[in-house]
Amino acid sequence: MLRLAVVVALGLGAAAPARAQDLPAQAQRGRELFLNSPKGVACAACHQIKDIGTPAGPDLRTLASAAVPKGLVTAIQMTMTEYVREYKVKGVGSFPAMKAGEEGDLVLLYDLTGNKAELKKVAKSAIDEVKPNTKWKHPPTSASYNNQELADLIGFLRFAATGSRTEVKPDDLK
């Protein structure tokens, strides 16, 4: 029942692309890691591929369709990213965030403080400082995914990005 609630809450009903029942076995396992990692914050908490996940971080289609498996592992395991900045906001304090855009006098920021990126609208005048991030770490760095889990995750990303049904083997990550 909980799984059904997660699927409904994420808008992954029958019409959603890359449905679990349409995926090869490896991509099914990778999709589960993308959505519900048992080892920490799931990729979908910040990333979106097609209509699955949260569009805070870069869309993974381009990377998944162009990079070799070893390059994808490097991206998954990186500790920092140029997209994350430390924002100091009057009355709120400092927090790590990714800028999503602007609407008039508002800056749209994905706050990365919690386990899921949260979109906040902040008045431009309330932003005291924006500086490079030195504290926030890309969550997969602490997940300690093994090579099979990484291969499964990459298999899902490639399937979602290109429709590739070719299995990614753990040896492909070396």
Check for me, please, whether [X] and [Y] land in the same ILVMFWY cluster - side-chain distances under 4.5 Å, paths through other members count.
X: V107; Y: W136; value: no
X: V130; Y: V89; value: yes
X: L157; Y: L150; value: yes
X: M98; Y: I127; value: no

Just by distance, do the side chain of [X] and the backbone of [Y] share a donor-acceptor pair under 3.5 Å?
X: E149; Y: N146; answer: yes
X: K135; Y: E86; answer: no
X: T141; Y: K137; answer: no
X: K39; Y: P140; answer: no

Could you tell me the separation between the [atom1] atom of [X] and the [atom2] atom of [Y], rounded to the nearest 0.5 Å?
X: D105; Y: E103; atom1: CG; atom2: CD; result: 11.0 Å
X: I52; Y: L35; atom1: CD1; atom2: CG; result: 6.0 Å
X: C43; Y: I49; atom1: SG; atom2: CD1; result: 10.0 Å
X: S94; Y: E129; atom1: OG; atom2: CD; result: 7.0 Å
X: L109; Y: R85; atom1: CG; atom2: CZ; result: 12.5 Å

Legend entry - Within 45° cone of Y83 ring axis and under 6.0 Å: K99 NZ or CZ: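 Judged by the rule, K99 and Y83 form no cation-pi pair.
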Closest heavy-atom contact between [X] and [Y]?
X: V41; Y: N115; result: CG1-O, 3.3 Å
X: P55; Y: Q48; result: CB-OE1, 3.5 Å
X: I154; Y: P69; result: CD1-O, 3.7 Å
X: L119; Y: L108; result: CD1-CB, 4.1 Å
X: A151; Y: P170; result: CB-N, 4.1 Å
X: H47; Y: P58; result: ND1-O, 2.9 Å

Inset, instruction - Give a yes or no on whether K90 atom NZ has more than 12 heavy-atom contacts from other residues, nucleotides or ligands under 6.0 Å away. - result: yes
Inset, instruction - Mark yes when over 12 heavy atoms from residues, nucleotides or ligands other than K131 sit less than 6.0 Å from its NZ; otherwise mark no. - result: no
Legend entry - Donor on one side chain, acceptor on other, D152 and Q26, under 3.5 Å: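 A donor-acceptor contact under 3.5 Å links the two side chains.
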Legend entry - Side-chain donor-acceptor contact under 3.5 Å, S37 with Y145: yes
Does a side-chain heavy-atom distance below 4.5 Å link [X] with [Y]?
X: F159; Y: P24; value: yes
X: L112; Y: F95; value: no
X: V168; Y: L173; value: yes
X: V122; Y: L106; value: no
X: M80; Y: H138; value: no
X: L153; Y: R29; value: no
X: Y110; Y: T54; value: yes
X: R61; Y: R158; value: no

Inset, instruction - Any chance you could lay out the salt bridge (Lys or Arg N to Asp or Glu O under 4.0 Å) test for K174 and D171, step after step, and finish with the verdict? - result: CA-CA 6 Å; K174 297 176 184 176; D171 284 346; 3.3 Å; yes
